[in-house]
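Working notes, beginning with the structure itself.
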Amino acid sequence: MKILFVSSEVFPLMKTGGLADVSGSLPAALSALGHDVRILMPAYPEAISAAETPNALSLRQAGSQLTLLSTRLPGTTVPLWLLDAPASFGRFGNPYLAPNGAPWPDNAERFALLARVAVDLTQDRLGLGWKPDVVHCNDWQTGLIPPLLSDEPNRPAVVFTVHNLAYQGLFPYETFQRLALPPRLWKMEALEFYGQLSFIKGGLVFADRINTVSPSYAEEIQTPEFGCGLDGLLRSRKSCLSGILNGIDDVAWNPATDPYLPAPYGPDTLERKKVNRTALRQRYGLPDDPEVAVLGMVGRMVEQKGVDLLIDILDDLLQLPVQLVVLGSGDKEFERCFERAAAACPERIAVTIGYDEPLAHLIEAGADIFLMPSRFEPCGLNQLYSQRYGTVPIVRKVGGLADTVEDATPERLAAGQASGIVFEPAKPAFLLEAVYRALALYREPEVWRAVCKCGMAKDFSWRKSASRYVGLYREALAGMNAGCSIADPRCAA
Ligand code: ADP
Ligand code: GLC
């Protein structure tokens with residue numbers, strides 16, 4: 001099958017979160033299954049620098065000149081095109097936000113351009129001699145591709161993956177006019193969302209198949225609590241909606257070969273994990289006390305991640321034999337809270353505000369316990385990395401966290417099937433209680449070891465999930481032919 005995979009971030013060329021990890025590993029897994037998959041993403045300056053020998057292809061598009069840089073996804077043979085439009089993408093830093101933290105004012109134009117180029121690629125209007133059978137779109141930045149394709153008589157099948165429904169790409173009506181989108185798209189059954197232009201609705205309404213990144217999140221987003229105002233639409237497309245768990249890049253995230261670790265280790269050399277803990281402590285000047293457990297957290301400091309729950313229990317944590325290491329950035333108020341706590345208690349709390357890939361690996365390896373108390377979590381990758389690294393995750397029972405961590409109940413402990421601690425209500429007291437439970441197990445080294453090893457033994461590779469995506473592409477192709485998309489009058493219920 002020929003697959004065009006479109007994403008606004010692809011590791012290692014550009015990354016703000018898990019979307020990049022998925023976009024950098026799923027295409028390689030599909031390629032390993034024998035499919036001809038090619039990636040399209042914007043040519044941010046960092047992406048151009050990280051690309052291996054990019055080769056400029058000058059092309060004509062709708063009367064204007066356009067450059068695609070042709071390269072490979074680093075470390076693979078997967079072809080990758082960088083859309084080189086300096087006026088739109090030639091900016092350093094966060095791909096969505098200006099340095100002041102506000103969205104770039106021309107985000108709609110930037111990602112509409114990405115969509116238009118993707119559509120032209122699928123029609124081989126750029127003369128590359130290649131036409132995909134399927135276009136795989138990811139999140140709102142690619143949301144205009146499905147509606148624009150719906151105008152094409154010979155379009156490929158379209159799959160739209162929701163990595164996070166909370167980010168929707170909403171813009172005023174004037175933007176819709178400025179983008180000169182077909183007027184027929186301005187209605188509730190298309191891109192209009194309470195008087196605004198919604199990019200994500202383009203994917204949700206017009207794709208042949210929609211999926212999210214865990215089975216639980218696929219169910220949750222059909223409810224008002226998690227549906228972000230789109231639950232009704234999603235319920236109406238239930239028959240085309242599924243959940244496929246993310247896999248991980250198990251080469252980049254392998255504790256036995258991780259180049260960022262002072263002491264790589266595996267399930268049979270688990271005692272070496274402590275060397276990494278010592279290194280992590282030394283980095284921050286935390287005392288190297290074997291009785292004290294290190295709690296780690298890495299992630300975007302936003303409400304989604306339950307950061308406020310952790311902030312609320314910081315004083316209680318200081319009463320316990322624990323140290324806390326936090327890496328992340330996001331909401332300035334959350335950043336300041338952590339910085340204040342670390343300044344007040346430097347021998348117990350360490351914080352790095354920013355983005356640091358090597359440090360993220362060291363925390364995954366050096367911490368004893370990983371905290372992920374998310375309010376919602378479409379899939380989550382860090383809890384997968386921590387299980388692979390023998391670092392016991394504490395997670396909320398929500399979305400992909402619920403699907404990937406087995407709570408250490410007495411029954412599961414007895415059966416050797418416990419891989420973490422799961423708590424339910426999004427309240428500080430319940431997170432604190434989960435920490436108590438984890439520490440009780442930590443005090444029993446044999447039990448603790450078994451929980452660590454249970455996580456390490458799990459298969460989080462893309463093997464199974466990549467095959468599921470292939471199945472989804474086949475369904476999309478069949479659905480397109482059967483007219484399953486709700487934008488298709490044959491399917492109007
Ligand atoms: P999300 O995509 O919602 O941010 P995920 O758990 O799916 O959450 O993926 C987050 C990814 O981003 C992980 O690979 C994680 O290690 C990485 N990450 C997040 N924040 C940072 C940071 N400050 N420094 C380094 N890596 C980070
Ligand atoms: C999103 C979600 C996260 C998911 C990632 C990759 O950013 O918040 O849960 O793991 O996308 O799919």
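Just so you know, ligand 1 is whichever comes first in the structure, and atom 1 is the first atom listed for that ligand. What you see is a predicted model, and the numbers here were worked out from it, not measured in a lab. Only this structure's heavy atoms are used, side chains among them; waters, hydrogens and symmetry mates stay out.
- Expressed to the nearest 0.5 Å, how far CD1 of Ile39 lies from CH2 of Trp81 amounts to 10.5 Å.
- With rounding to the nearest 0.5 Å, the separation of CD in Gln387 from SG in Cys452 is 10.5 Å.
- With ligand atoms numbered from 1 in the order given, ligand 2 contributes 6 (C), 12 (O) to contacts under 4.0 Å with heavy atoms of Val22.
- Minimum heavy-atom separation, Tyr217 to Ala166: OH-N, 4.5 Å.
- A heavy-atom separation below 4.0 Å is not found between Ala20 and ligand 1.
- From Tyr389, atom OH reaches atom NE2 of His361 across 5.5 Å, with rounding to the nearest 0.5 Å.
- Under a 4.0 Å criterion applied to the non-hydrogen atoms of Asn164, ligand 2 contributes the atoms 8 (O).
- Note that the SG atom of Cys379 and the NE2 atom of His163 stand 10.0 Å from one another [nearest 0.5 Å].
- Among all non-hydrogen protein atoms, the one lying nearest atom 19 (C) of ligand 1 is Gly299 CA, 3.7 Å.
- In this structure, CG in Asp249 is found 7.5 Å from CZ in Phe11, a value given to the nearest 0.5 Å.
- For ligand 2, the atoms lying closer than 4.0 Å to a non-hydrogen atom of Val213 are 12 (O).
- Every atom of ligand 2 is numbered from 1 in the order shown, and the set under 4.0 Å from a heavy atom of Gly18 is 5 (C), 6 (C).
- Those atoms of ligand 2 with a heavy atom of Gly380 less than 4.0 angstrom away are 3 (C), 4 (C), 9 (O), 10 (O).
- Ligand 1 lies within reach of Tyr385, whose nearest heavy atom is under 4.0 Å from it.
- The shortest side-chain heavy-atom distance between Leu26 and His136 falls under the 4.5 Å cut-off.
- Nearest non-hydrogen protein atom to atom 2 (O) of ligand 1 is Gly18 N, 2.6 Å.
- Lys332 has a carboxylate O that lies under 4.0 Å from a charged side-chain N of Glu335, or vice versa, which qualifies the two as a salt bridge.
- Nearest protein heavy-atom neighbour of atom 14 (O) of ligand 1: Asp21 OD2, 2.6 Å.
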- Trace of the side-chain hydrogen bond (donor to acceptor under 3.5 Å, both in side chains) decision for Tyr385 with Asp21: CA-CA 12 Å; Tyr385 302 149; Asp21 290 2; 2.6 Å; yes

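- Nearest protein heavy-atom neighbour of atom 3 (C) of ligand 2: Glu377 OE2, 3.4 Å.
- Contacts between Asp21 and ligand 2, counted as non-hydrogen atom pairs separated by less than 4.0 Å, are absent for every part of the residue.
- Heavy-atom contacts of Gly328 reach the following atoms of ligand 1: 23 (N) (cutoff under 4.0 Å).
- For Lys2, the NZ atom sits in a packed shell: over 12 heavy atoms of surrounding residues, nucleotides or ligands are nearer than 6.0 Å.
- The closest protein non-hydrogen atom to atom 8 (O) of ligand 2 is Gln304 NE2, 3.1 Å.
- At a threshold of 4.0 Å, the pair Asp407-Arg412 does not count as salt-bridged, since none of the basic side-chain nitrogens sits closer than that to a carboxylate oxygen.
- Proximity of His163 to ligand 1, defined as any heavy-atom pair under 4.0 Å, is not found for any part of the residue.
- Under 4.0 Å from ligand 1, the heavy atoms of Asp356 that appear belong solely to its backbone.
- Summary of contacts: the protein heavy atom closest to atom 4 (O) of ligand 1 is Arg300 NE, 2.7 Å.
- Summary of contacts: the protein heavy atom closest to atom 12 (O) of ligand 2 is His163 ND1, 2.6 Å.
- Salt bridge Glu364/Arg388: absent, no basic N to carboxylate O contact under 4.0 Å.
- Among Arg300, Lys397, Lys305, the one residue that satisfies the salt bridge (Lys or Arg N to Asp or Glu O under 4.0 Å) test with Glu377 is Lys305.
- By the 4.0 Å N-to-carboxylate-O rule, Lys458 lies close enough to Glu406 to be salt-bridged with it.
- Under a 4.0 angstrom heavy-atom cut-off, Lys15 registers as being in contact with ligand 1.
- By heavy-atom distance, the residue among Leu381, Val298, Leu384 lying nearest atom 6 (O) of ligand 1 is Leu381.
- Heavy atoms of Lys305 found under 4.0 angstrom from ligand 1 belong exclusively to the side chain.
- Atom NZ of Lys274 has 12 or fewer heavy atoms from other residues, nucleotides or ligands within 6.0 Å.
- Note on Arg209 versus Glu475: salt bridge recorded, some NZ/NE/NH1/NH2 to OD/OE distance being below 4.0 Å.
- The single protein non-hydrogen atom nearest to atom 27 (C) of ligand 1 is Tyr355 CE1, 3.5 Å, given as residue, atom name and distance.
- No heavy atom of Cys379 sits closer than 4.0 Å to any atom of ligand 1.
- With a 6.0 Å radius and a threshold of 12 heavy atoms from other residues, nucleotides or ligands, Asp315 has its CG atom at or below the threshold.
- Remark: ligand 1 and Ser329 share no N or O pair separated by less than 3.5 Å (distance only, no angle test).
- The distance from ligand 1 to the heavy atoms of Gly380 drops below 4.0 Å at these ligand atoms: 6 (O), 7 (O).
- Remark: ligand 1 and Gly354 share an N or O pair separated by less than 3.5 Å (distance only, no angle test).
- Of all the atoms in ligand 1, the ones that sit under 4.0 Å from a non-hydrogen atom of Ala360 are 25 (C), 26 (N).
- Using a 4.0 Å cut-off to heavy atoms of Pro378, the atoms of ligand 2 that qualify are 2 (C), 8 (O), 9 (O).
- Backbone and side-chain nitrogen or oxygen atoms of Lys305 are examined, and none is located within less than 3.5 angstrom of a nitrogen or oxygen of ligand 2.
- Summary of contacts: the protein heavy atom closest to atom 16 (O) of ligand 1 is Asn382 OD1, 3.1 Å.
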